[in-house]
Protein chains: 2
Amino acid sequence: MFSNSSKYAIKAVLYLAIHSSESKKIRVKNISEPINVPQAYIAKLLQELSRHRIVSSTRGPNGGFFLSDANMKTLLIEIVNVIDGEDRLNSCLLSLHNCNSEKPCPLHDFARPFRTNFIESLEQNTIEDLARDVKRGKSFLPL
Amino acid sequence: MFSNSSKYAIKAVLYLAIHSSESKKIRVKNISEPINVPQAYIAKLLQELSRHRIVSSTRGPNGGFFLSDANMKTLLIEIVNVIDGEDRLNSCLLSLHNCNSEKPCPLHDFARPFRTNFIESLEQNTIEDLARDVKRGKSFLPL
DNA sequence: ATTAAAATATGATAAAAGTCATATTTAGGA
DNA sequence: TCCTAAATATGACTTTTATCATATTTTAAT
Ligand code: FES
Ligand code: FES
């Protein structure tokens, strides 16, 4: 479904959503441990996310990563698209490329309802929404 | 969702379901082309499937692969499990391992209803069912 | 029996995904 | 201004997945 990298990215951004703010930056060392991802790996992913303005960062002493108010509105699909590319979630289950709902492949109907639904969830929900669920005890960490 | 190998395997078995029989064996050369998978690759997968009695085969002249009546009853999940292992479809979206419906991770509810449903389809439908859909014009090839 | 045609077993190579290492740049504090 | 702490850029290494190649075994036909 997601690549490993996307899972890591989501975990990292969610961690920042819950624990960081403009006035409380977190450095990569202190992100990697609680989300259980190798430091050098998550550093690279955060840099990529930063380039796409999905997370914010400042360098130097007391620098680190954080989510701005705007960052909190990031849709989950944006994170996945940046890391995995736009095709991964949409491609045919059997990788047939000229298939669609008019000419569905033999597995199309097994998965379509779910997939549509799932992708819509990713398109409609923000990081802020996920963080809120956690705060309300609707979903759980640790990551 | 599926690995490439699983997709190939499903395509190959489905092709056999539609075109082969005990009295009409098909050799690997004549499977690989219509399903659009490299010959050496699909050969290896068919051997693995054969070892697990998901397809049948005989060697020597006029040999080849085919599906016995029993093979036609193979559940789709069996193919996937043989090729991808049993965990791939079931693991948490964020790869958290101590998560369940009691303590769902932040993405759990996005995907669970659909995933359960999808896996059930794979557990309930056989290759024969897929082939029937194709024959009835409910779903389409080519692979 | 001999030969040829097929699957089978085994392993080598290539490409992609995941992981690690390090030199450079930026920003803050002494 | 100079030093230090942080992200950034770049690239090397490792593991997994995908792909290709080949020698062996089995079976059928002559
Ligand atoms: S999943 Fe194959 S046609 Fe839609
Ligand atoms: S998908 Fe993560 S807990 Fe179920």
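Every chain is numbered from 1, with letters handed out A, B, ... down the list of sequences. Please read all numbers here as calculations on a predicted model, not as lab measurements. Heavy-atom basis, side chains included; hydrogens, waters and symmetry copies ignored.
Rounded to whole Å, the distance from CD on B/E48 to C1' on D/dA18 is 15 Å. Here D/dA21 presents its C1' atom at 17 Å from CD1 of B/I42, a figure rounded to the nearest Å. If you take CG of B/L45 and P of D/dT19, they are 9 Å apart, rounded to a whole angstrom. Distance, B/K25 NZ to C/dA5 P: 17 Å, rounded to whole Å. Between the CD1 atom of B/I35 and the P atom of D/dT19 there is a distance of 12 Å, rounded to whole Å. Rounded to a whole Å, the CZ atom of A/F66 is 14 Å from the C1' atom of C/dA27.
Taken residue by residue, residues 76-94 of chain A places no heavy atom nearer than 4.0 Å to DNA chain C. Near DNA chain D, defined here as any heavy-atom distance below 4.0 Å, there are no residues from residues 10-24 of chain B.
The stretch residues 84-95 of chain A participates, sequence neighbours left out, in these side-chain hydrogen bond (donor to acceptor under 3.5 Å, both in side chains) pairs: A/S3-A/D84, A/S6-A/D84, A/S95-B/K7. Among residues at least two apart or in separate chains, there is no side-chain hydrogen bond (donor to acceptor under 3.5 Å, both in side chains) pair with a member in residues 31-40 of chain A. For residues 60-80 of chain A, the set of pairs meeting the side-chain hydrogen bond (donor to acceptor under 3.5 Å, both in side chains) definition, not counting sequence neighbours, comprises A/S56-A/N71, A/S68-A/N71, A/K73-A/E128.
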Contacts table for residues 133-143 of chain B: side-chain donor-acceptor under 3.5 angstrom, sequence neighbours left out:
none

Show me the donor-acceptor pairs, under 3.5 Å and distance only, between side chains in residues 116-125 of chain B and residues at least two apart or in other chains.
from	atom 1	to	atom 2	distance (Å)
B/T116	OG1	B/R112	O	2.8
B/S121	OG	B/N117	O	3.2

May I have the list of side-chain donor-acceptor pairs in residues 16-29 of chain B shorter than 3.5 Å, sequence neighbours left out?
from	atom 1	to	atom 2	distance (Å)
B/H19	ND1	B/Y15	O	3.3
B/S20	OG	B/L16	O	2.7
B/S20	OG	B/L67	N	3.2
B/S21	OG	B/S23	N	3.4
B/S21	OG	B/S23	OG	3.2
B/S21	OG	B/K24	N	3.3
B/K24	NZ	B/H19	O	3.4

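Side-chain nitrogen and oxygen atoms of B/S3 include none within less than 4.0 Å of the OP1 or OP2 phosphate oxygen of D/dT17. Contact check, A/Y8 against C/dG18: no side-chain N or O comes under 4.0 Å of OP1 or OP2.
A distance of 7.0 Å separates CD1 of A/I127 from CD1 of A/I10, quoted to the nearest 0.5 Å. For the atom pair CG of B/D129 and CE of B/M72, the computed distance is 9.0 Å after rounding to the nearest 0.5 Å. Going from atom CG of A/L14 over to atom CG of B/L94 covers 8.0 Å, rounded to the nearest 0.5 Å.
End-to-end axis angle for the helix from C/dA1-D/dT30 to C/dA30-D/dT1, using five pairs per end and rounding to 10°, comes out at 10°.
Side chain of B/R115 to backbone of B/L89: a donor-acceptor contact under 3.5 angstrom is found.
Shown here are the ring-ring contact (aromatic ring centres under 6.0 Å, His included) partners of A/F110, two or more places apart in sequence or in another chain: there are none. In this view, A/T58 satisfies the side-chain hydrogen bond (donor to acceptor under 3.5 Å, both in side chains) rule with no residue, not counting sequence neighbours.
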Where protein sits on nucleotides 6-14 of chain C, one letter per nucleotide: B base, S sugar-phosphate only, - none, heavy atoms under 4.0 Å: BBBBBBB--
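For A/S5 against A/L45, the heavy-atom pair with the smallest separation is O-CD1, 3.6 Å.
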